[in-house]
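Notes follow once the structure below has been shown.
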Amino acid sequence: MTERVPVLKIGDVLLVSIQVDLEDQIVLDLQEDLASRIVESGARGVVIDITAVEIVDSFVGRMLATTAAISRMLDAETVVVGMRPAVAITLVELGLSLGGVRTALTLEKGLNLLARPGNDRPAQR
Amino acid sequence: MSGLPPVPGTEHQTITIESNDDVVRARQLVRGLAQRCKLSLVDQTKLVTAASELARNTLVYGGGGVMRLGLVQRDGRTGVTAVFEDSGPGIPDIDQAMTDGWTSGGGLGLGLSGARRLVDDFTLETEVGSGTQIAVTKWAR
Ligand SMILES: Nc1ncnc2c1ncn2[C@@H]1O[C@H](COP(=O)(O)OP(=O)(O)OP(=O)(O)O)[C@@H](O)[C@H]1O
Ligand SMILES: [Mg+2]
């Protein structure tokens, strides 16, 4: 598997936009790529744009939660943006509420959230 | 097959689930049929998510298997059924496996229990040493 999800750097934020139906190994690779890119670049924030994602199952959900936790340990905050309403409904019914993951409705709002000083940590883990 | 009219209930597809790519393909096939069956967007999403969980279990715990997919009809309603079958180790304790949060691997233990919540009909047959078959159906409203 050579396919990888591109990670872009914009200012001190890493941006990942998921555009394809992700196979599990690509999801795991992305999680590792993000961890090393945070350290390499000293990024303070990670935005994962899932606007194009049609389903989030327990595997991808776990990746989002784990990535948020890893990046927090590496002094960066993760925001997941663009979740579709049907995806949110399904995730909650599946039993995954992603409590420790910050979300914003749009990319713009997500970037604003990261830019806001002193408000860059979620209340719970 | 070519002589048959496209009658719901007679169409079936079978794909093997032997790699991560097959799990992706299973999701795409289920979505395609759910759209044709005119399930609402939320119901499509629920069914595809359930299928993704079950296909992954078939691969990871069942050691691979097949998904059979088809339209079904009952009481004038149309639905989409997906059946996941493997000849793996089977599930020794179904109640335990269906419990939210129980996993024998490193998962979240939400796949089976969550899939059941996401669909209208859910049946599980399993025998230790011979395999597992799980069928899920979502009906168009
Ligand atoms: N096809 C199968 N064959 C054998 N055992 C299975 C099968 N499907 C599920 N199991 C067993 O049931 C348990 C629960 O499955 P479930 O999908 O709910 O959780 P998981 O796969 O462990 O984690 P998650 O799906 O949340 O990532 C599994 O850990 C496994 O032990
Ligand atoms: Mg599972």
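Letters go in sequence order (proteins before strands), and every chain restarts at 1. Just so you know, these numbers use all the heavy atoms, side chains as well, and skip hydrogens, waters and symmetry mates.
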Options A:L91, A:V60, A:V87, A:L22, ranked by heavy-atom pairs under 4.5 Å with chain B, top entry: A:L22

Cluster link B:V42 to B:V136, ILVMFWY, side chain under 4.5 Å: no

same_hphob_cluster(A:L74, A:L34) at 4.5 Å side-chain heavy-atom cutoff: yes

Residue part contacting chain B, namely of A:V56, when any heavy atom lies under 4.5 Å: backbone

Nearest heavy atoms of B:L108 and A:S58, plus distance in Å: CD1-O, 3.8 Å

Over all atoms of both residues, closest heavy-atom pair of B:N20 and A:Q25: ND2-N, 3.8 Å

Nearest heavy atoms of B:E53 and A:F59, plus distance in Å: OE2-N, 4.4 Å

Contacting region of B:V23 [heavy-atom separation from chain A under 4.5 Å]: neither

Connected via hydrophobic side-chain network under 4.5 Å: A:M63 and A:V16: yes

Nearest-0.5 Å distance that lies between atom OG1 in B:T49 and atom CD1 in A:I89: 11.5 Å

Part of residues 86-103 of chain B lying next to chain A, heavy-atom separation under 4.5 Å: none

Nearest-0.5 Å distance that lies between atom OG1 in A:T90 and atom CG in B:L47: 10.0 Å

Test side chain to side chain contact (heavy atoms under 4.5 Å, CB included) applied to A:D21 and B:Q28, step by step: CA-CA 9 Å; A:D21 194 339; B:Q28 289 166 348; 3.7 Å; yes

Within 6.0 Å of NZ in B:K38, more than 12 heavy atoms from elsewhere: no

Closest non-hydrogen atom pair between B:A115 and A:L94, with its separation: N-CD1, 4.2 Å

B:L41/A:R84 under side chain to side chain contact (heavy atoms under 4.5 Å, CB included): CA gap, chis, key distance, verdict: CA-CA 10 Å; B:L41 185 59; A:R84 298 181 179 197; 5.7 Å; no

Transitive ILVMFWY side-chain link A:L111 to A:V81, under 4.5 Å: yes

Distance-minimising heavy-atom pair for B:R117 and A:E93: NE-O, 2.7 Å

Exercise: identify the closest heavy-atom pair between B:R31 and A:I55: NH2-CG2, 3.5 Å

Same apolar cluster: B:L124 and B:I17, side chain cutoff 4.5 Å: yes

Region of B:R56 in contact with chain A, defined by heavy-atom distances below 4.5 Å: side chain

